[in-house]
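Note that ligands are numbered from 1 as they come in the structure, with each ligand's atoms numbered from 1 the same way.
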Amino acid sequence: MRIVMIGTGYVGLVSGACFADFGHDVVCVDKDEAKIALLESGGVPIYEPGLEQLVATNVAEGRLSFTTDLTGPVGAADVVFIGVGTPARRGDGHADLSYVYAAAREIGAALRGFTVVVTKSTVPVGTGDEVERIIRGVNPGAQFAVASNPEFLREGAAIEDFKRPDRIVVGVEDESARQVLEEVYRPLYLNRSPVLFTARRTSELIKYAANAFLAMKITFINEIADLCEAVSADVQDVSRGIGLDNRIGTKFLHAGPGYGGSCFPKDTLALVKTAQSYGSPVRLIETTAAINDDRKRAMAGRVIAAVGGSVQGRTIGLLGLTFKPNTDDMRDAPSIDIVRGLISAGARIRAYDPEGMEAARAMLPEVTYVDNAYAVADGAAAVVLVTEWNQFRALDLSRLRERMASPVLVDLRNVYHADEAERAGFYHVGIGRPLRPVEQARAAE
Ligand code: NAD
């Protein structure tokens, strides 16, 4: 199959490279000239494990190429995927579809022969109908079908997720589009990955319902973590105790600083807005989003409390900035609220992240970026573990503590046991853990 991928970001580049690896001919298109130049010179604009090698192999074998001009490739394509961004629209939180519609207009003008146009971007119900109208308006004689194929990959495990997905969802309104997409995903049929064909609108909604459910699950355990602190119970044991029930499952039950990233915050908001505009509100998700926003803002307060009530003029060290490990993505990361909250309370911030510092520098210029985990501790009143990168899981805690002004470890991912942190001389604050004697004493002061 000849495939064109419009938008060469996290989703477009991973999907394009994986489709090429399945044996299809793939052209990835992006408006961003610097991104395409970098890809053409053998570089990869994002950090995603295994991606650089996958791209290099498929470029070398002649199945994957890059361009800023979609005209020729779209004219020759069997399938055109739209994988451009759908951020939250400023002001009202609806999904901003301007990039999708702009891509649809350009595709419409370039179509030649029967082509299936597929939205891979996360788009609200009815977007496929509008894409169809736009293409028809631009090119009334075009032969095409519009399908929906939402992407479920997780950053940090994107290639594995794409090649061995839990399921593939495809929304179609006609048989010819179904046949083409069956052909595109044939290699995964052989792996027995379930492919669910639905109506187009249903497929669009499945993506939002999935992300909203996962966001709700995280928020649920975060609230249970708060309750654990109040009643002296341990949230990790609660997670295990409920997660071993197959109806619940163990995934997405890790308490932490609140969800972030490029998908959950904007997708929950967009679902809320869609539901409201159809007069069928999703109140659970409205509440989920509100609780999560409050939680991310409250994390700075947790740090301030851990150092005795004030960070004015004091240094706080942050371990990790990206919204999760194994990505350089900083979009809506909890670290952003934590840094801003601490700085507005008078703190100086030192931070280290294995892959996210370049993106973080643009968003958080006030931070002093250092080049290793231990250097965040220099003169710090507390070190806060924000993102659970593997390299932060076995730190030499004594070495960390020796560099600090006061030995406080705020462990927002429960990476360390309080016992081991205390043995290294730390006052350890986790999430959803029973208060330790030293904390009880502090609370009683
Ligand atoms: P991104 O911002 O990383 O990439 C989008 C790319 O599209 C950019 O490089 C941009 O320059 C390009 N672009 C915009 N308009 C264009 C046009 N008209 N022609 C060519 N290129 C254009 O976005 P992303 O994170 O890859 O997300 C893309 C979509 O996939 C979103 O709808 C997102 O919600 C969804 N999604 C993302 C993830 C994820 O983990 N990032 C997972 C599943 C679904």
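Contacts with ligand 1 closer than 4.0 Å are made by no heavy atom of Pro150, backbone or side chain.
The closest approach between any non-hydrogen atom of Arg331 and ligand 1 is below 4.0 Å. Contact between Ala102 and ligand 1 is absent, with no heavy atom of the residue lying under 4.0 Å from the ligand.
Taking atom 4 (O) of ligand 1 as the reference point, the nearest protein heavy-atom neighbour is Gly9 CA, 3.2 Å. Considering only non-hydrogen protein atoms, atom 11 (O) of ligand 1 sits nearest to Asp30 OD1, 2.6 Å. Scanning the protein for heavy atoms near atom 34 (O) of ligand 1, the closest one is Lys266 NZ, 2.6 Å. At the top of the distance list for atom 26 (O) of ligand 1, counting protein heavy atoms only, stands Val11 N, 2.8 Å. Ranking the protein heavy atoms by distance from atom 7 (O) of ligand 1 puts Gly7 CA, 3.4 Å first.
Within 6.0 Å of atom CD in Glu175, more than 12 heavy atoms from other residues, nucleotides or ligands are found, so the atom counts as buried in its surroundings. In this structure, Asp92 places its CG atom where more than 12 heavy-atom neighbours from other residues, nucleotides or ligands lie under 6.0 Å away. No more than 12 heavy atoms of other residues, nucleotides or ligands shown are found within 6.0 angstrom of CZ on Phe220. Counting non-hydrogen atoms of neighbouring residues, nucleotides and ligands closer than 6.0 angstrom, the CD atom of Glu358 reaches no more than 12 such neighbours. Remark: Gln179 CD is packed, more than 12 non-hydrogen atoms of other residues, nucleotides or ligands lying under 6.0 Å away. Heavy atoms of other residues, nucleotides or ligands lying less than 6.0 angstrom from CZ of Arg240 number 12 at most.
When the heavy-atom distances from atom 35 (C) of ligand 1 to Asp329, Thr122, Asp267, Ile82 are ranked, the shortest goes to Thr122. Between Ile107, Leu97, Val84, Val29, it is Val84 that holds the heavy atom closest to atom 15 (N) of ligand 1.
Those atoms of ligand 1 with a heavy atom of Glu106 less than 4.0 angstrom away are 18 (N). Residue Gly85 approaches ligand 1 through these ligand atoms, each under 4.0 Å from one of its heavy atoms: 5 (C). For ligand 1, the atoms sitting less than 4.0 Å from at least one non-hydrogen atom of Glu155 are 39 (C), 40 (O), 41 (N), numbered in the order shown with element in parentheses. Near Glu151, with a cut-off below 4.0 Å to any heavy atom, the atoms of ligand 1 are 43 (C), 44 (C). In summary, the atoms of ligand 1 found under 4.0 Å from a heavy atom of Thr86, numbered by their order in the structure, are 31 (C), 32 (O), 34 (O). Of all atoms in ligand 1, numbered sequentially from 1 with element shown, those under 4.0 Å from a heavy atom of Lys35 are 8 (C), 9 (O). Atoms of ligand 1 lying under 4.0 Å from at least one heavy atom of Gly83, given by number and element, are 28 (C). For ligand 1 and Ile6, the ligand atoms under 4.0 Å from any heavy atom of the residue are 19 (N), 20 (C).
Taking any N or O of Ser262, backbone or side chain, at least one lies under 3.5 Å from an N or O belonging to ligand 1. Residue Lys31 places at least one N or O, backbone or side chain, under 3.5 Å from an N or O of ligand 1. Considering backbone and side-chain atoms alike, Asp32 places every N or O at 3.5 Å or more from each N or O of ligand 1.
Arg295 and Asn292 share no donor-acceptor pair across their side chains, judged by distance under 3.5 Å alone. In this structure, a donor-acceptor pair under 3.5 Å is present between the side chains of Thr57 and Gln53. A donor and an acceptor atom, one from each side chain of Thr67 and Asp69, are nowhere located under 3.5 Å apart.
Between Asn149 and the choices Lys120, Arg200, Lys207, the side chain to side chain donor-acceptor pair (under 3.5 Å) rule is met once, by Lys120.
Note: Phe19 and Tyr185 meet the aromatic proximity criterion, with ring centroids under 6.0 Å apart.
A distance of 8.0 Å separates SG in Cys18 from CG in Leu51, rounded to the nearest 0.5 Å.
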**OP:** Test ring pair (Phe, Tyr, Trp, His ring centres under 6.0 Å) on Tyr47 and Tyr10 and set out the steps.
**Re:** CA-CA 9 Å; Tyr47 174 74; Tyr10 284 83; 10.0 Å; no
